[in-house]
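The analysis underlying the following values was restricted to heavy atoms, covering all of them including side chains, and did not include hydrogens, waters or symmetry mates. Just so you know, these numbers come straight off a predicted model, no measurement behind them.
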Amino acid sequence: MRIPTRKKPEVLSPAGNLRGLKTAVDYGADAVYCGGKAFGMRSAPKNLSFEDFEEGSRYAHERGARVYVTCNVLPRNNEIEAMREYVGQLKDTGVDALIVSDIGVMMMARQVAPNLELHVSTQAGVTNYQAANAFYELGARRVVLAREMDLQAVRDIRANIPDDLDIECFVHGAMCMAFSGRCLFSNYLTGRDGNHGECAQPCRWKYSIVEEKRPGQYFPIEQTENGAYLFNSQDMNMLGHLDDLIDSGATSLKIEGRAKSAYYIAAMTNAYKTAVNEYMIQRGFEDADGNILLPFHDRVIRPSDPDYGQGTEDQVMRNADAAFAGVADEGYDRAVATSDAPEPDGMSSHARSTRRKSNTAIEQIETDWKHAAVRPAPHVELPEWLLEETDKVAHRDYSTGFYYPEHKVTQNTDRSAYFRSWLVVGEVLSWSADEGGRVTLMSRNKIEPGQQVEFLLPGERPLAYIVPEDGLRDADGTPVPAINNPAHVFSMPCPHQVPINAAIRSRTKKPTLKAE
């Protein structure tokens with residue numbers, strides 16, 4: 001059994017192992033992407049065996065979710081036949097789609113596994129509708145757009161491709177400093193091939209400059225008013241802007257993080273799924289119980305629509321045009337211009353130089369090209385507790401990536417580590433109504449009387465709870481003053497029914513710089 005493509009926005013979650021896959025599905029993922037033991041872009045997680053794929057696919061399908069497998073490395077000559085055999089084995093595990101980037105792998109997959117959907121990875125660098133349409137003609141049913149795309153580019157692609165070609169966009173997680181993630185930096189410095197899932201993330205390291213004739217004198221690279229780091233980009237966070245992205249034609253909303261913990265997967269999946277549900281309700285497509293009121297559709301005005309190009313420009317469009325043409329940011333000091341000649345088009349010489357270097361046809365060829373706009377709609381308002389969820393996992397400073405040219409992604413310059421203000425203190429093993437309600441848990445960190453914790457619940461606001469002054473017990477039922485031993489079974493009173501595997505988290509007394 002395979003699950004058909006969704007007719008409404010898809011929340012696509014990562015999984016680095018079978019537990020992560022099941023967690024993503026339990027917390028509302030419409031689809032999960034994961035890698036096998038070979039040919040994926042992440043080797044740090046354990047990844048899934050063929051048996052895992054079979055079990056994971058059954059688990060997902062029984063709950064209405066889909067499973068996609070990453071085969072997005074750029075294979076070398078000596079890997080071609082092994083890739084063919086690998087895809088041939090995958091086709092019988094029940095998975096729904098392959099994520100590919102190499103056109104040869106794509107053609108081979110059509111022959112070897114014709115029953116699987118083909119999704120074109122962001123590694124292919126799709127930045128325009130012509131490329132998307134070409135992949136569609138070759139059999140792809142989804143393109144994962146390059147992360148360098150702004151909202152206007154997403155709209156323009158959506159307006160000029162078939163409606164049954166999905167657009168997948170990143171919405172949350174780490175941003176790679178290289179073009180579409182195709183980077184040789186790790187390979188050059190450490191011998192670990194990023195394209196084969198072994199990236200050492202040297203772009204996150206701290207660097208200094210050493211002048212050739214001054215050995216031993218290190219000059220740190222710092223951000224000033226005149227420049228910024230080239231590396232160590234911020235994490236993406238589009239939770240509060242999902243309406244813009246969905247309105248602009250994104251079919252699938254992708255959370256990055258196959259090397260992340262089950263807690264991270266649960267928290268971010270739950271947050272984005274809840275946000276999509278809010279979108280569907282506030283846009284009038286569903287009621288609060290999930291019943292369909294109207295068929296879902298994006299708000300992109302296509303060339304076939306009567307009002308295409310009829311005074312529908314908006315700020316996103318103007319900002320995208322300006323950024324592509326090299327227009328300087330607002331507040332640019334025109335005193336640095338090297339030419340005294342007038343600037344009839346309002347651009348500084350610095351910006352004009354950038355524009356000339358971009359070699360765009362706009363200066364050379366007049367066309368009747370029109371951007372695709374969106375029909376206006378009120379902003380989808382999300383509850384404050386939901387917007388706070390992204391701060392309850394380990395993360396770098398957040399940005400909205402490249403989607404808004406007027407708010408460009410920047411870099412962390414004070415640290416390369418993660419920021420964590422919440423941590424997981426336990427995991428629910430069972431709940432019983434006995435004694436007025438009691439939860440049994442596997443401890444992860446200290447839990448003591450009077451401590452405020454939260455239970456992360458699927459599809460709901462987290463349950464805030466104060467640990468009672470007494471009633472804590474160890475696995476033998478012996479009363480204990482506090483839960484101090486990690487990886488041990490304990491229980492405590494809890495009148496609220498909570499599901500198995502729910503994470504229990506608590507705010508840290510002192511924020512730390514540590515990943516999940």
Side-chain angles (χ1 to χ4, degrees), residues 15-28 45-46 257 259-271 385-386 388-395 417-516:
N17 51 42
L18 183 58
R19 184 195 175 193
L21 186 155
K22 292 182 177 181
T23 297
V25 173
D26 289 344
Y27 278 84
K46 294 181 179 180
K260 298 291 189 180
S261 67
Y263 164 67
Y264 180 98
I265 294 170
M268 292 302 91
T269 299
N270 195 55
W385 73 262
L386 181 55
E388 292 173 354
E389 282 295 291
T390 56
D391 290 325
K392 295 181 179 180
V393 296
H395 62 89
Y418 289 83
F419 182 81
R420 185 175 68 175
S421 58
W422 288 71
L423 76 164
V424 179
V425 296
E427 183 176 297
V428 174
L429 299 179
S430 65
W431 181 88
S432 170
D434 296 342
E435 303 179 62
R438 192 165 193 86
V439 61
T440 301
L441 59 96
M442 176 66 70
S443 65
R444 294 273 296 275
N445 286 282
K446 185 174 182 178
I447 303 175
E448 57 188 346
Q451 181 177 349
Q452 180 166 327
V453 299
E454 288 185 350
F455 292 89
L456 183 61
L457 307 178
E460 299 180 37
R461 180 174 183 160
L463 172 65
Y465 184 63
I466 302 295
V467 178
E469 292 297 326
D470 52 33
L472 303 183
R473 301 173 188 164
D474 63 17
D476 297 325
T478 304
V480 293
I483 296 174
N484 283 321
N485 298 325
H488 284 68
V489 175
F490 291 88
S491 67
M492 68 179 179
C494 180
H496 310 281
Q497 183 174 356
V498 290
I500 295 175
N501 296 328
I504 310 170
R505 65 191 178 192
S506 179
R507 189 182 295 274
T508 59
K509 294 181 179 179
K510 184 178 180 180
T512 58
L513 300 178
K514 186 177 180 180
E516 295 295 345

Colleague: Got a sec, which residues hit side chain to side chain donor-acceptor pair (under 3.5 Å) with T23, two or more places apart in sequence or on another chain?
Modeller: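 In terms of side chain to side chain donor-acceptor pair (under 3.5 Å), with neighbours along the sequence ignored, T23 is linked to no residue.
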Colleague: With rounding to the nearest 0.5 angstrom, report the CH2 to OG1 distance, W431 to T440.
Modeller: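 Atom-to-atom, W431:CH2 and T440:OG1 are 11.5 Å apart.
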Colleague: How long is the span from the NZ atom in K509 to the NZ atom in K446, to the nearest 0.5 Å?
Modeller: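 If we round to the nearest 0.5 Å, K509:NZ and K446:NZ are 6.0 Å apart.
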Colleague: Can you name the residues that form a salt bridge (Lys or Arg N to Asp or Glu O under 4.0 Å) with R19, not counting sequence neighbours?
Modeller: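 Salt bridge (Lys or Arg N to Asp or Glu O under 4.0 Å) check on R19 returns E427.
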Colleague: Once rounded to the nearest 0.5 Å, what's the spacing between atom CD1 of I500 and atom CG of L441?
Modeller: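 Between atom CD1 of I500 and atom CG of L441 there are 13.0 Å.
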Colleague: Write down the atom of D391, the atom of S421, and the distance for their closest heavy-atom approach.
Modeller: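 The pair with the smallest heavy-atom distance is O-OG, 3.4 Å.
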Colleague: Name all residues meeting the side-chain contact (heavy atoms from CB on, under 4.5 Å) criterion together with L457; count only those two or more places apart in sequence or in a different chain, and write none if there are none.
Modeller: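 side-chain contact (heavy atoms from CB on, under 4.5 Å) list for L457, sorted by chain: F455, E460, L463, V498, P499.
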Colleague: Can you confirm whether R444 sits close enough to V425 that some side-chain heavy atom of one is under 4.5 Å from a side-chain heavy atom of the other?
Modeller: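 Of all side-chain heavy-atom pairs linking V425 with R444, none is under 4.5 Å.
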Colleague: Identify, with sequence neighbours excluded, every residue that meets side chain to side chain donor-acceptor pair (under 3.5 Å) alongside S443.
Modeller: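 Here no residue qualifies.
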Colleague: Looking at every heavy atom in both V393 and T390, which two are closest together, and how far apart are they?
Modeller: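 Result for this residue pair: CG2-O, 3.6 Å.
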Colleague: Please find the pair of heavy atoms, one from L472 and one from P493, that lie closest to each other, and give the distance.
Modeller: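 Shortest heavy-atom separation between L472 and P493 comes out as N-CD, 4.4 Å.
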Colleague: Which residue pairs satisfy the side-chain hydrogen bond (donor to acceptor under 3.5 Å, both in side chains) criterion with at least one member in residues 492-506, sequence neighbours excluded?
Modeller: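 Checked against side-chain hydrogen bond (donor to acceptor under 3.5 Å, both in side chains) - neighbours excluded - the pairs reaching residues 492-506 are Y263-R505, E389-R505, Q451-S506, E454-R505.
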Colleague: Can you give me the closest heavy-atom contact between A502 and Y27, atom names plus distance?
Modeller: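 Minimum heavy-atom separation between A502 and Y27: CA-OH, 3.5 Å.
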Colleague: What residue pairs, at least two apart or across chains, pass side-chain hydrogen bond (donor to acceptor under 3.5 Å, both in side chains) with a residue in residues 462-480?
Modeller: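 Sorted pair list: E435-R473.
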Colleague: Could you please spell out the steps behind the side chain to side chain contact (heavy atoms under 4.5 Å, CB included) verdict for V424 and L456?
Modeller: CA-CA 10 Å; V424 179; L456 183 61; over 6 Å; no
Colleague: List, one per line, each side-chain donor-acceptor pair under 3.5 Å for residues 481-492, sequence neighbours excluded.
Modeller:
{"residue": "H488", "atom": "ND1", "partner": "P486", "partner atom": "O", "Å": "2.8"}
{"residue": "S491", "atom": "OG", "partner": "R438", "partner atom": "NE", "Å": "3.0"}
{"residue": "S491", "atom": "OG", "partner": "R438", "partner atom": "NH2", "Å": "3.3"}

Colleague: Suppose we screen for side chain to side chain donor-acceptor pair (under 3.5 Å). Which residues come up paired with S432, at least two apart in sequence or across chains?
Modeller: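 D434.
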Colleague: With rounding to the nearest 0.5 angstrom, report the CG to NZ distance, N17 to K22.
Modeller: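 Spacing of CG (N17) from NZ (K22) equals 10.5 Å.
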